[in-house]
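These notes concern the structure reproduced below.
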Amino acid sequence: DTWSVAPSLPGDKLICYVLGWALLKNGKLLVGGGDVVNGFDNPGDNGKCYLFDPETDTWEATGDIPETIWGNTPWNPMVLLDDGNVLCIGAVDSTYEGINGGPNHDGYQSGTRKSYLYHTSTGTWSATGLMAIAHEAGFYFPLPGNKAIVIGGYVKFTPGPGAGNFTSFSNTSEIYSGGSFSGSTVLPPATRRDHTGEDDIVSAGLKGGRSRAGAVATKKYVVLVG
């Protein structure tokens, strides 16, 4: 009933921030994406991926994600499918250039609609379905039949003062199946109160938008809280 220190990830960069992970059916742990941290205000994107083998207590490099992805904050954008492959869903658009230049995150940026599939048999990634809208920092769960669901999240992540970022929430969910996304279902409305008690922060069409809340998948349901 104790903890022990595992070996560090390969390389000389700290990349354990906002990266994705998935426990594969062969018992290995896949991690990838995230930030190469070289200063809080100017992190760099990272497409590197690694496999951890608990039997040998070692890491090894595997295929890079085709596009360097800034992960979905602590919300894991990787989903293990029934066939053993891994779906990496969206995140922040790595083509965004911040006010300091380059693909950093010091300003306003959009979520990406892209997704990628990790093939465990070859250790490589390939592009797969394009979502109807972005779902950065949303919720991601596997579904039976080699499917996955993505729920809510940000269409555009807009840090800073004011309530402008609330208008960028996604209020839909989408199903991944057979290499494409479909079924853009609108989530039930949610009520938000400002400091005067008025529910006027978001437009009526986006009141179902949710991000960074609580979520869990049971055998029959996906439950969202707050």
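What you see is a predicted model, and the numbers here were worked out from it, not measured in a lab.
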Quick one: does Leu224's side chain get under 4.5 Å of Ile151's, heavy atoms only? yes
Spell out, as yes or no, whether a donor-acceptor pair under 3.5 Å connects the side chain of Arg113 to the backbone of Met131. yes
List the residues meeting side chain to side chain contact (heavy atoms under 4.5 Å, CB included) with Thr56, not counting sequence neighbours, and say none if there are none. Asp53, Thr58
Checking Tyr140 against Val79 for the side-chain contact (heavy atoms from CB on, under 4.5 Å) test, could you report, in this order, the C-alpha distance in whole Å, the side-chain angles of both residues, the deciding distance, and whether it holds? CA-CA 7 Å; Tyr140 315 90; Val79 174; 3.6 Å; yes
Measure from the side-chain N and O atoms of Thr172 to the backbone N and O of Ser170, and report whether any donor-acceptor pair falls under 3.5 Å. no
Side chain to side chain donor-acceptor pair (under 3.5 Å), that's the test. Do Tyr176 and Thr128 meet it? Break it down for me. CA-CA 10 Å; Tyr176 175 84; Thr128 185; 2.7 Å; yes
Using modelled atom types only, decide if a donor and an acceptor are shared between the side chain of Asn146 and the backbone of Asp83 within a distance under 3.5 Å. yes
Between Val222 and Leu187, is there a shared hydrophobic cluster once you connect ILVMFWY residues whose side-chain heavy atoms come closer than 4.5 Å? yes
Distance col, row Leu51:CG vs Leu24:CG, nearest 0.5 angstrom, shows 6.0 Å
Heavy atoms of Thr120 and Gly84 approach each other most closely as CG2-O, 2.9 Å
For residues Phe52 and Trp59, establish whether the separation of their ring centroids is below 6.0 Å. yes
So, the side chain of Tyr221 versus the backbone of Lys219: is there a donor-acceptor pair under 3.5 Å, distance only? no
What distance do Glu60 atom CD and Lys28 atom NZ have between them, rounded to the nearest 0.5 Å? 4.5 Å
Gap separating the OG atom of Ser177 from the CG atom of Leu143, nearest 0.5 angstrom: 9.5 Å
Any heavy-atom pair between the side chains of Met78 and Leu30 that's under 4.5 Å? yes
Using the side chain to side chain donor-acceptor pair (under 3.5 Å) criterion, which residues pair with Asp82? Sequence neighbours excluded. none
Output for pair (Ile133 CD1, Glu174 CD), nearest 0.5 Å, gives 6.0 Å
Thr122: side chain to side chain donor-acceptor pair (under 3.5 Å) partners, not counting sequence neighbours: Thr124
Taking the side chain as every heavy atom from C-beta outward, state whether Leu117 and Ser126 have any atom pair closer than 4.5 Å. yes
Give the minimum heavy-atom separation between Pro77 and Gly20, together with the two atoms involved. CD-CA, 3.8 Å
Below 4.5 Å, heavy atoms only, C-beta onward: do Ser115 and Leu130 meet side chain to side chain? no
State the CG-SG distance between Leu9 and Cys49, to the nearest 0.5 angstrom. 11.0 Å
Find out whether Ser173 and Phe139 are in side-chain contact, i.e. whether some heavy atom of one side chain is under 4.5 Å from a heavy atom of the other. no
Would you say the side chain of Tyr50 lies within less than 4.5 Å of the side chain of Leu29, judging by non-hydrogen atoms? no
Strictly distance-based, threshold 3.5 Å: is any side-chain N or O of Thr62 a donor or acceptor partner for the main-chain N or O of Gly123? yes
Sidechain-backbone polar pair: Trp125 side chain, Gly63 backbone, donor-acceptor under 3.5 Å: yes
